[in-house]
Protein chains: 2
Amino acid sequence: MSAAKQARAAKRATVIKAMAHPSRLLCLEALMAGELCVADLTSLVGADISTVSKHLALLRSVGLVTIEKRGLQVFYQIACPCLGTFFECMDDLASSARSSKRRAAARCQC
Amino acid sequence: MSAAKQARAAKRATVIKAMAHPSRLLCLEALMAGELCVADLTSLVGADISTVSKHLALLRSVGLVTIEKRGLQVFYQIACPCLGTFFECMDDLASSARSSKRRAAARCQC
DNA sequence: ATTATGCTTGGCAAAATGGCCAACTAGGTT
DNA sequence: AACCTAGTTGGCCATTTTGCCAAGCATAAT
């Protein structure tokens, strides 16, 4: 029983950890408007292309994005359309951190 | 423009990173059924109480939970009711990782 | 065939995280 | 006052994460 819950928590953590980085969130956000290749995402993030490639590989390994190779390029695409709503909810939390219970709850309208 | 997006991504990452650990997810999940004190959560997680206390402090620092002190105990409470839906979505992703785009998208119904 | 382009992978150093023990604080009890 | 009881905080070490460079790989162009 508890073992099953811990296993589930571990799986969830794997996916959530994959999102838990500014560069990776930036990529996810950009991809929500449509697919982009690695070069596009690299200029967006502003890091070395190898770094961005590894970030994307991580997102892909947990299923948050999928790829499609066309010619020399690799296009990354969002696999989970629900992220938008969730991100807005995170924004609300971020701006009401450490506030009273009532205020935080009021802001969260998911 | 891009600076604003990066700032937003950083804030989001702070909140999401706070969730990105099995023990913290276990706590959040348990708290969704109602408030619990640190001792309760500690036996649930199965780690040292000091470790759990630090996990909870982190969740609180980003506004995911709030506290209420009563007597000697500190009761932790969920601040963001939307987490349930999101977690289910993560479960779907976790079980369809590395699958084709079509399958992954089909499973995500958020 | 050679070269170029787009991306991935290996390796390494710096930084951040996680977990335990020990020490401390705040609120109750005797 | 002395003593519990419930949590928090500091310190330390082990592990993980992050990011750059260099090297490798696959596809396309010349």
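Throughout, protein chains are lettered first and strands after them, A, B, ... in sequence-line order, and every chain is numbered starting at 1. These figures come from a predicted structure and were not determined experimentally.
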Can you tell if the side chain of Leu56(A) reaches within under 4.5 Å of the side chain of Val74(A), non-hydrogen atoms only?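 Sidechains of Val74(A) and Leu56(A): no contact.
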
Any side-chain heavy atom of Leu28(A) sitting closer than 4.5 Å to one from Leu83(A)?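 A side-chain contact under 4.5 Å exists here.
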
On the ring face of Tyr76(A), is Arg60(A) found with NZ or CZ under 6.0 Å from the centre and within 45° of the axis?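 Verdict for Tyr76(A): no cation-pi partner in Arg60(A).
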
Starting at the 5' end of DNA chain D, which residue's closest nucleotide do you reach first, Gly71(A) or Cys37(B)?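 Comparing both residues, the 5'-ward one is Cys37(B).
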
Remember a base hit wins even if backbone is also touched, and classify Tyr76(A) as base, sugar-phosphate or nothing at under 4.0 Å, heavy atoms.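 Touches sugar-phosphate only.
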
Glu88(B)/Arg12(A) salt bridge by N-O under 4.0 Å criterion: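 Looking at Arg12(A) and Glu88(B), the cut-off is not met.
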
Starting from the 5' end of DNA chain C, give me the residue, Leu72(B) or Val38(A), whose nearest nucleotide shows up first.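 Its nearest nucleotide lies further toward 5', so the answer is Val38(A).
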
Starting from [atom2] on [N], measure out to [atom1] on [X] and report it in whole angstrom.
X	N	atom1	atom2	value
Leu59(B)	dG7(D)	CG	C1'	16 Å
Gln73(A)	dA4(C)	CD	P	19 Å
Lys69(A)	dT27(D)	NZ	P	7 Å
Leu56(B)	dT9(D)	CG	P	12 Å
Leu26(A)	dG19(D)	CG	P	12 Å
Glu68(B)	dG7(D)	CD	P	14 Å
Leu41(A)	dT8(C)	CG	C1'	15 Å

Between CD1 on residue Ile49(A) and OG1 on residue Thr42(A), distance to nearest 0.5 Å: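 The distance works out to 4.0 Å.
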
Scoring nucleotides 15-22 of chain C by protein non-hydrogen atoms under 4.0 Å (B base, S sugar-phosphate only, - none) yields --SSSBBB

Can I get a per-line list of side-chain donor-acceptor pairs under 3.5 Å for residues 14-27 of chain B, giving both atom names and the distance, sequence neighbours left out?
residue, atom, partner, partner atom, Å
Thr14(B), OG1, Ala10(B), O, 2.9
His21(B), ND1, Ser23(B), N, 3.0
Arg24(B), NE, Ala18(B), O, 2.5
Arg24(B), NH1, His55(B), ND1, 3.0
Arg24(B), NH2, Lys17(B), O, 3.2

